[in-house]
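Sequence lines set the chain letters: A, B, ... in the order given, protein chains first and strands last, and positions in each chain run from 1.
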Amino acid sequence: MDLDFTAEQVEFREQVLTWLTEHKPRESRPRDDAGIREYDLAWQRTQWEGGWAGIAWPTEYGGGGLTLLQQLIWYEEYAAQGLPGIDACFVGLNHAGPTVMLRGNEEQKSFHLPRILKGDVIWCQGFSEPEAGSDLASLRTKAVIDGDHLVVNGQKIWTSSANCADFQELLVRTDNTGSKHDGITWVIADMHTPGIDIRPIKTMEGGAEFCEVFYDDVRIPLSNVVGEINQGWSVAMSTLSFERGTAFTANQVRLAKVVEDLIDFSRDHVGPDGRRPAIADDEIARRLARSRASVASLRAMTYVGICHTMKSDTPGPRGSMLKLHYADLCKEIAALAMDIVGADGLRNSSRWDPMGWVGNYFYSFSQSIGGGTSEIQRNIIGERVLGLPR
Amino acid sequence: MDLDFTAEQVEFREQVLTWLTEHKPRESRPRDDAGIREYDLAWQRTQWEGGWAGIAWPTEYGGGGLTLLQQLIWYEEYAAQGLPGIDACFVGLNHAGPTVMLRGNEEQKSFHLPRILKGDVIWCQGFSEPEAGSDLASLRTKAVIDGDHLVVNGQKIWTSSANCADFQELLVRTDNTGSKHDGITWVIADMHTPGIDIRPIKTMEGGAEFCEVFYDDVRIPLSNVVGEINQGWSVAMSTLSFERGTAFTANQVRLAKVVEDLIDFSRDHVGPDGRRPAIADDEIARRLARSRASVASLRAMTYVGICHTMKSDTPGPRGSMLKLHYADLCKEIAALAMDIVGADGLRNSSRWDPMGWVGNYFYSFSQSIGGGTSEIQRNIIGERVLGLPR
Amino acid sequence: MDLLPSEDQRDLIAAATDFLESRMPIEGIRARDGQPSAVDRDAWLEGAELGLLTLGLPEEYGGSGRLLDDEALLFATLAEHLATGPFLTSSLAARVAAQCGDLDLVGRISDGSVLVGLAELRGDGSIGPEGIKGTFDLIDCAGVSHVLLVTELGAAIVDLDEFPDVETLDSSDPGIRLATSTVTAATVRHWLPSGTDPIWLRATVLSAAGLAGLANAVTRLATEHAKLRVQFGRPIGVHQAIKHACADMAVASDAAMSQTLFAAVCVQSGRQDALFHALAAKTVASRAAIANAGATIQVHGGMGYTYEHNAHLYLKRAHVISHLFGEPTQVLADLLEQGAPQ
Amino acid sequence: MDLLPSEDQRDLIAAATDFLESRMPIEGIRARDGQPSAVDRDAWLEGAELGLLTLGLPEEYGGSGRLLDDEALLFATLAEHLATGPFLTSSLAARVAAQCGDLDLVGRISDGSVLVGLAELRGDGSIGPEGIKGTFDLIDCAGVSHVLLVTELGAAIVDLDEFPDVETLDSSDPGIRLATSTVTAATVRHWLPSGTDPIWLRATVLSAAGLAGLANAVTRLATEHAKLRVQFGRPIGVHQAIKHACADMAVASDAAMSQTLFAAVCVQSGRQDALFHALAAKTVASRAAIANAGATIQVHGGMGYTYEHNAHLYLKRAHVISHLFGEPTQVLADLLEQGAPQ
């Protein structure tokens, strides 16, 4: 075993570092939808122009044609610079893009993939519904074929960036007669189509990163279907396995930074006894050290996972282990921060604020829910990693 | 609300205290089966002679005819004196006795109940089987009617005190044709009947408080059946509800003492830093304080439970809440003790030793398994206390 | 001994519940978002008329003269419905004013015309009969005229005007209002030493009651959701991940409520270990409220993470109450210093 | 970068597994209960012949010269099978002896004729090139001639004879033997400063590997049981209470093993944050081993609580290893003192 990077990879890391240092955005990320769209797309475009967009994507679609390891190096250096998450571009780069690449036709690939990489468009997801949360396959948003179009009626929920997106990866029910897993279709919706209505959802953290999306006779060309009609479930499963694969690298590097920030904060912030710094408290010190150890182990798991993926090509159910461990740690570290801030926790903050521990704590509750609850991840691990009976 | 005891109850408490101080056993409890039998029966006999046996049992069966509150007072003072658990007499006093009282016929009552109270006999339980643990009703030990006898063949497991018992409350399958809950019979087995073979089971704590019991054509008179043939499941359920009711009072008073002992120990024992006493460590101090608080709440729950039972006559599923909370706390406190003893944990001990924290820790693992696992208790609470669907 | 609510007490809970559901619905918290005060003044006056502020006040001062366990049940009920406004501090202040002989203030608190907020000292400073000094968090002091301060040694009532340069802060709990002020010297209107009446002890028990009420309410919320929410063709409550989470919540909230009522009875009957049990109640109730509220969010999934759902309001309230009248770590330290309970 | 076992490494694990299953079955622990030594001497010699004691020893000293990640995999495998005997200390001692030029001792450790136990200082005392002093726990020193002592500053080999009045103690782990001895002055045969070779760092990584191996083994034990044990007409693994417990075990043991291998590679490649990662590995692996072993007992129900079942042996071994080469709290304190990792 080794952690060695090839000369080429080391050089790659240096190039990433140099380029990021020169080109990273100087302004902080706006908080309004229009501002976010402009900011995220501009930054994606800058990455594209610098040759850094889609590092591990094939060159034929404008990607770098490099390995997951180089992608990892990019994410590490990227997060180490304290750069914001790829947020609005996340679905395009990590869900829709890879899915179209794997299951789309040539026309779809050549149209969409370069636009995603170049920062021309923002994508959003349209999977969950109010009555279909963990039980995604029970979705009811209905699409009827009318000539060369699908006509969509129904409702989606938990759509991030819906307000500023151009396209949506949308799951609709095109057949009601078979099992619930059959009869689902994965289709690309143009978010500017008439009949789409978007309403933001305010979260307990105070932000509104999610929306409900309503569809009233929304007409989508049949040519936008990815895979076959009624075959969307297997397409969706490949989408989700991407999410649980490499996409977490940046998150976990960022979590490591949160722990280091919290350690620094504990040196300066007075502890529970009102006299000594928080870090002098035995309980807090040990919880900080345990967080450090756990976050390190998350990184090691990620490395092992990437080594697996590089040999087998798909992330597989191991991604659920990373997701679960990550969610548990986020919540544990956020709760520790609340104990460290003590009565200062009465003051609200946003997770976007520097040392916004209260906002970060409220936000942490989403981590064991969004993208598949921790209960669902435990089912997946139990059944697909360990082979326990259903 | 009040915690006031009537003048009569206060006087009762004083009498208990006076009597216990004068009559409690001076020698420590032996650890061999014969010694335990003799010790526990002698002590039960002393209690009987003093008029303290079966405080809340009806006078017609030789009991005191008093309330559960007086029983509680007895348990509290009893445990406060550091007296051993009623161990070998437990099944007779808390399972078999109440069950016979509730479901037995007059002959069974008049024969068995006084003997239990007087310390003439020891009872053991024969419910669990190797293949029927949490799924008790799937038991397979078979009994066939032959004239006026049942002929029993099969195996039981987790029988405490089997080695020194006179009688056993035994569940056997008398009918295989219906649902698994039908066809079970609750019968009294004389442990001296030919065909009964007993093998002790050594536990991870090193003791051998459990046995396997094998039955080879064991003949039991039909007159020993309690309730009707094939109606044993409902009889067994009443047995188990007694276990989860008042029988835990002494245990939880004893657990409170464990916490106080551990606090004292932490003042004298050097802590994790190798310099200060363990109690000076912030983490240990807080865990001790939380244990104190939790054990206090367990006692408060017990009091509330007794108030409920006195109004409704049966302990009901609330007993499962006590059992679960108790098991969690036992394990939490035992694990805390291991962190306090630190590297001294390499030295083995028995839970019967003074400050036998290692033995106590190993023993604690049985608390969430025996008498219905914590998983089963959570099912019961979810379904029968909260009304969640099965 | 009796630790079950009497018929009288059940009536009290039912009356308070009726009032809160109809006149102080939880929705009001969101409706008053961004307004200076979290309190609906009309509803407050009605609550005062109903006697919600004077339940434990001796009858000679116009109160109902009920015992601390009645008050504990009331404050649990108020918390279960996330009642807004300084109920606890106003009640305690009426008690302080009564014993300091300020019958006028007692009357005005009792009829709801005067509200009393809470000030909590943050960092160094002092609170005593001669005055107060330091930086204070002002909790629910928007629109009030008086402020209560509670220490182990005694309780003080100070005029809000004595707090200079009050700076409004964004509160983590949308149902309370938060501000801060640094006092160099301020006059205390009334001082009641704890030897005369242990206000701090009562505040500890009654805040434990609030926390136990929160723990209870979210357990019910999660359980109801688990019965109704269907996924994979069955209510989610059939799954042990959900069922066992609800069972654990039920145990935690039962333990919290039992211990709180036990502590209330210990205090009112003057038992020697009353302080032990009050501190234990605050500890188990804090943990139950925070843990159960978090688990309730999880049981509700995405819905539970929205601002529209009530789960987060319970979580946030739990955190706030856990920091009042003594930091959680201080409560633990005090608890460990007590002798073993009776 | 590659963190997956190579074919070579998989062969190594397979060979060790074969040997352990056939020659050092876990049952042997119970069979030797009450005997002075826990070690089966014949099997030990065979293990030595197979090279289990000299995997990481440089080839110039007759070892296999394999890297620390190979050793980590070996020690994880040994722990998975609860191998009895001082494998780790004998291996490390061979390394110390080699670098101190005692080729005779190297040879005798390597061929299995000399076993080296471990001494851990308890309380005040000192360990250094000039001698050792204090009260020591002697771990698996029954029947050995030499004892290894490891500190952050260096490692010492001391003759067992130097320990006076060795008192045998009952060990909490039936697979090891425990004794104690108080030394007022004793000669050190060899001293290897950590600057020359960081034995303590290696010991930390390899004990983490052992703990990760334990965590792994019990996860497998619980999972297999959950597949086979039928209750209520279905394997218990269908129930989320069991399934999710197994999933949590799997995550914990995967995290422990990943971090341990990561640390091993960091140490062998001389990365600046090697110590950070070694301490992190020990921390996560200790917690995983203890938590998973406890959960495995629970998954097995009554069976898991018996002495005949292996679950408790894993639990007990986990506790013992967690106390070697640094107390858990000390490991955490050291970890917090490190700078942020690379």
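- Counting heavy-atom pairs closer than 4.5 Å to chain B, the top-ranked of the candidates Asp70(C), Leu73(C), Thr223(C) is Thr223(C).
- Contact count against chain B (heavy-atom pairs under 4.5 Å) is highest for Val284(C) among Thr283(C), Thr260(C), Val331(C), Val284(C).
- A salt bridge between Asp11(C) and Arg66(C) is absent, with no side-chain N of the basic residue lying under 4.0 Å from a carboxylate O of the acidic one.
- The line from CG of Leu67(C) to CD of Glu71(C) is 9.0 Å long, rounded to the nearest 0.5 Å.
- Using a 4.5 Å cut-off between heavy atoms, Asp69(C) contacts chain B through its side chain alone, with no backbone atom that close.
- Around atom CG of Asp124(C), no more than 12 heavy atoms belonging to other residues, nucleotides or ligands sit under 6.0 Å away.
- In this structure, chain C has a heavy atom under 4.5 Å from the side chain of Leu69(B), while its backbone stays farther away.
- Of the listed residues (Pro341(C), Ala252(C), Ala250(C)), the greatest number of heavy-atom pairs within a distance under 4.5 Å of chain B belongs to Ala250(C).
- At a 4.5 Å heavy-atom cutoff, the contact between Gln338(C) and chain B is made by backbone and side-chain atoms alike.
- Using cut-offs of 30° and 60° for the angle between ring planes, the Trp19(B) and Trp52(B) rings count as tilted.
- Per-residue counts of heavy-atom pairs under 4.5 Å with chain C were compared for Ser294(B), Gly382(B), Ala296(B); the largest is that of Ala296(B).
- Residues of residues 275-286 of chain B lying within less than 4.5 angstrom of chain C, judged on heavy atoms, are Ile279(B), Ala285(B), Arg286(B) in numerical order.
- The number of heavy-atom neighbours closer than 6.0 Å to CD of Gln342(C), taken from other residues, nucleotides and ligands shown, is above 12.
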Would you tabulate the side-chain donor-acceptor contacts of residues 215-222 of chain C under 3.5 Å, counting partners in other chains and residues two or more places apart, or write 'none'?
residue, atom, partner, partner atom, Å
Thr219(C), OG1, Ala215(C), O, 2.7
Thr219(C), OG1, Asn292(C), ND2, 3.2
Arg220(C), NH2, Glu80(C), OE1, 2.5

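- Residue contact with chain C, scored on non-hydrogen atoms closer than 4.5 Å, involves the side chain of Leu324(B) exclusively.
- Shown here for Lys24(B) and Gln81(B), the closest heavy-atom pair between the two residues is NZ-OE1, 2.9 Å.
- Ranked by heavy-atom pairs under 4.5 Å with chain B, the list Ser258(C), Ala245(C), Cys246(C), Ala280(C) is led by Ser258(C).
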Under 3.5 Å, which donor-acceptor pairs do the side chains of residues 228-242 of chain C form with other protein atoms, sequence neighbours left out?
residue, atom, partner, partner atom, Å
Arg229(C), NH1, Pro130(A), O, 2.7
Arg229(C), NH2, Pro130(A), O, 3.1
Gln231(C), OE1, Gly133(A), N, 3.2
Gln231(C), OE1, Ser134(A), N, 2.9
Gln231(C), OE1, Asp135(A), N, 2.9
Gln231(C), NE2, Glu131(A), O, 2.9
Gln240(C), OE1, Gln240(D), N, 3.3
Gln240(C), OE1, Ala241(D), N, 2.8
Gln240(C), NE2, Asn379(B), OD1, 3.3

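- Proximity to chain B (any heavy atom under 4.5 Å) is shown, for Pro328(C), by neither the backbone nor the side chain.
- Note: Asp2(C) leads Asp2(C), Asp248(C), Val265(C), Asp334(C) in heavy-atom pairs under 4.5 Å with chain B.
- With chain B as partner, the option from Gln259(C), Met249(C), Gln9(C) having the largest number of non-hydrogen pairs under 4.5 angstrom is Gln259(C).
- Put simply, NE2 on His277(C) and CZ on Arg299(B) are 5.5 Å apart, with the number rounded to the nearest 0.5 Å.
- Residues satisfying the side chain to side chain contact (heavy atoms under 4.5 Å, CB included) test with Ala340(C), not counting sequence neighbours, are Glu260(B), Arg292(B).
- With a 4.5 Å cut-off on non-hydrogen atoms, Glu76(B) does not touch chain C at all.
- Atom CZ of Arg287(B) is separated from atom CG of Leu332(C) by 12.5 Å, given to the nearest 0.5 angstrom.
- For His244(C), the parts lying under 4.5 angstrom from a heavy atom of chain B are both the backbone and the side chain.
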